[in-house]
Amino acid sequence: MAYASVVLDIPTRALDGAFDYAAPEALAPDAVVGATVLAPLGGREVVGYVVAVSEEPPASVAPEKVKPLAQVLAAPAFDEKSAEVAAWMAREYACPLADAVRPFLAPGQKVKVVRDAPGDPWRLVSDSVGAVDERWAGLTPAAADWRPRRNAPRQRAVLEALAAGPQRVAELSATIPGAASAVAALAKRGVVAVESRRQVRGSGGQTSLSSAAAPRPAQLTAGQQAALAAIDAAREAANGDVVLVDGVTGSGKTEVYLDAIERSLASGRGALVLVPEISLTAQTVGRFRSRFGDAVAVLHSRLSAGERFDQWDLVRQGVARVVVGARSALFAPLSDPGLIIIDEEHEASYKQDKNPRYHARDVAARMARARGCALVLGSATPSLEALARCREGSWRGAAWTRVSMPERPGASRLPEVRVVDMAEQFRGGGRSVFSAPLSDALRDCASRGEKAVLMLNRRGFANFLMCRECGCVPECPSCSCALTYHERGHYLACHTCGRTWPVRAYPDPSCSCPNCGSRYMGAYGIGTQRVEDELRMLLPEGVEVIRMDADTTRAKGAHQRLLEEFDAAASAVLVGTQMIAKGLDFPEVTLVGVINADTMLKLPDFRAAERTYGLLEQVAGRAGRGESPGQVIVQTYWASHPAMRAVEGHDRALFLEAELAERKEACYPPYSRLGNVVLWGKSDAACRMASKALADAVRASVGEKPGWEVLGPTDCVKARVKDNFRRHVMVKSPVDADLGGVLGAAVSSLGALKGINMSVDIDAYDMM
């Protein structure tokens, strides 16, 4: 008798862990690790996932009392190594084991089961996904000597069509009425052979971007050669070692990835590649497909459920050996990866904001250890955590090595950066969105027929509306945040909950203050729509202005379409938010402008300065990637900040010295670990009581242990979201402490709290 350990997918911490079941002889061949099963629990049957199998019965229960599995619902989605990683994620991030298993499941798979008819087997519900087979028809050798009857024109037409080669039966039916019945008749006579072929839905990442090609360079730079040597050594060590490729923007990190993957494939192993933005996927996939062809699979959230399943299944079958995608692609069923690559590893988008709240970098490090492969982290602005681990030389049993790539290949050079103090511009009479240096540079760029990129970390027309008489700022009635004004469509939007309210233009009576009724409502702040409008007035006709933000990229394929428009234009300006700051490679871009570099710098977040420096350095790197020199103009009201000085001089040390000193004094990462537990509910009083009980439980657990500090409870910066009151408790711990175990135990000790929701975020990134 075989036995299976099953994680039941029930949303409660009370049933955390795996339960043992017997696998009847009829089910045993399919009840393997990774399979989705139906298991009895009490008086009902629930969905679960097999995480281990054994021929020995569980020691704690008599074999005859072990309940049998009821049914196998789906084929294996993961293997034993992935099950180990899922168990580690549950412990590390203080989440139920079922939550940690779900990322490994097939795309679109649900927990719900249905029956088509009474007595039928249960069937797992999914988002209309699954393999789709197409019928193809082709001539057999017998067709050469066979002739249809004179009164069979359809058969004759089908034979003539198939003489050019096999075709889909659906395509034949579209051009020849009744072709399906004719094909069936011909198949009975042995004249035509019909077979099923797997259909792969979606385009899979085709693009016309010129930067999507990856021609092999004549010679690698010294930095590229050193990086490849370090990666080869880590891959051959098969110990989960990590190589941090610290290369300036445009230094050729992608070519290093391509060469390293080529060597991994040659050794019989695959590769996983993560990128931080969906907007980078088409460009990255194009480069990888130009080198590896159809061996590349693409996984990201903008694909339909069917497209995701097809790409995922190609990986599971071993057809695709290189996986490229966003954060979730990390869990693709690649059985034997030799490399895991995380490009732009410093990006906050690698941190998941829902259960399990993992960080892709740390899960990838654990995966690399489990599978004996190398982890490659690439960035021009590495995270402080990655730099700290490289200084230590090891972390959690794996070696961490930093390789520097300080030069760009060929004639390309780092751009000249100029920081413009907007306070001085204002004192000199400047009132425009663009400073005088940026206005002049934009005109010069347009006159030369070149391209420019303007980055503003704010969508909409203005940050907010404010009454000029009483100072009232319209706020979302469900969230504690001001509404953003969008001129296109004249509406106010809450960028927290997504609700919108129409606003008509002055002097319409409906454009009035909600507090005093005044019609003198002024738009304050700068948004991408306003920058776009002012650019069109500043630049001559013929220069295209393309806006790329969350509003213009809602539709499927919008990221790729906008970038292709920019690439194809003779002269253009790309205006966008953070999504245009990373990874994009357009040699024609000679000017980069940052409208307001202070947007993130003043947020109540200890990572604000690091994020600002990283974003500015990254967006600056979009300029001067071709033969023409690049220029970067950064507009700020805080020109003396170390982040600004470091970007201006391309000298990271200017930023690190001040930042690390502050972090060490306040005991923030990388000198500690940080956990953030957020509680929310409709009742403010209940939320306050629950947050205090949690803080008391954590304090009782850690006591006076050195390196531990419990902060709060207190209101979140966004104290109310969607009519829910929000409070949080923050915990600092030593770097090597079991923070997830401590917080998980404290949360479990409170039991079920009526009307209160709770999220545990280990190694937290979102402080809001």
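Keep in mind that what you see is a predicted model, and the values were worked out from it rather than measured. Throughout, numbering of the chain's residues begins at 1 and tracks the sequence.
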Handout entry: Which atom of P409 lies closest to which atom of G250, heavy atoms considered
Key = CD-O, 3.2 Å
Practice task
Measure the shortest side-chain to side-chain distance between V589 and L574 over non-hydrogen atoms and say whether it is less than 4.5 angstrom.
Solution key: no
Problem - V363 vs F331, side chain to side chain contact (heavy atoms under 4.5 Å, CB included): CA-CA, chis, key distance, verdict - result: CA-CA 10 Å; V363 175; F331 304 100; 4.2 Å; yes
Practice task
For R216 and S290, test the side chains for any donor-to-acceptor distance below 3.5 angstrom and give the result as yes or no.
Solution key: no
Handout entry: Reference residue V273; test side-chain contact (heavy atoms from CB on, under 4.5 Å); the match among I261, V323, L258, T254
Key = I261
Practice task
Indicate the atoms forming the closest heavy-atom contact of A39 with L69, along with that distance.
Solution key: CB-CD2, 4.0 Å
Handout entry: ring pair (Phe, Tyr, Trp, His ring centres under 6.0 Å) partners for F78, two or more places apart
Key = none
Handout entry: Heavy-atom closest contact (D259 atom, L220 atom, distance)
Key = OD2-CD1, 3.6 Å
Handout entry: Exceeds 12 heavy-atom contacts within 6.0 angstrom, atom CZ of R150
Key = no
Practice task
Give the C-alpha distance, both sets of side-chain angles, the deciding distance and a yes or no for side chain to side chain contact (heavy atoms under 4.5 Å, CB included) between M548 and L563.
Solution key: CA-CA 9 Å; M548 192 169 174; L563 290 176; 3.8 Å; yes
Exercise for the section: Give a yes or no on whether R189 atom CZ has more than 12 heavy-atom contacts from other residues, nucleotides or ligands under 6.0 Å away. Expected result: no
Practice task
For side chain to side chain contact (heavy atoms under 4.5 Å, CB included), just list the numbers for F104 and V85, CA-CA rounded to whole Å, side-chain angles, deciding distance to a tenth of an Å, and then say yes or no.
Solution key: CA-CA 10 Å; F104 294 91; V85 174; 4.1 Å; yes
Fill in the blank from the handout: Nearest heavy-atom approach of L159 to P148 is CD1-CD, 3.9 Å
Exercise for the section: In plain terms, say whether E255 and R291 are close enough for a salt bridge, that is, a side-chain N and a carboxylate O under 4.0 Å apart. Expected result: yes
Handout entry: Test side chain to side chain contact (heavy atoms under 4.5 Å, CB included) applied to R327 and Y358, step by step
Key = CA-CA 10 Å; R327 181 181 60 228; Y358 64 89; 3.3 Å; yes
Handout entry: Exam field: side chain K451 to backbone A569, donor-acceptor pair closer than 3.5 Å
Key = yes
Handout entry: Lys/Arg-Asp/Glu bridge criterion (N-O < 4.0 Å) met for E565, R561
Key = yes
Handout entry: Contacts of type salt bridge (charged side-chain N to carboxylate O under 4.0 Å, His left out), residue R321, not counting sequence neighbours
Key = none
Exercise for the section: Answer yes or no: is there a donor N or O on one side and an acceptor on the other, between the side chain of R357 and the main chain of Q352, under 3.5 Å? Expected result: no
Practice task
Output yes when a side-chain donor or acceptor of Y350 lies under 3.5 Å from a complementary backbone atom of L274, and no otherwise.
Solution key: yes
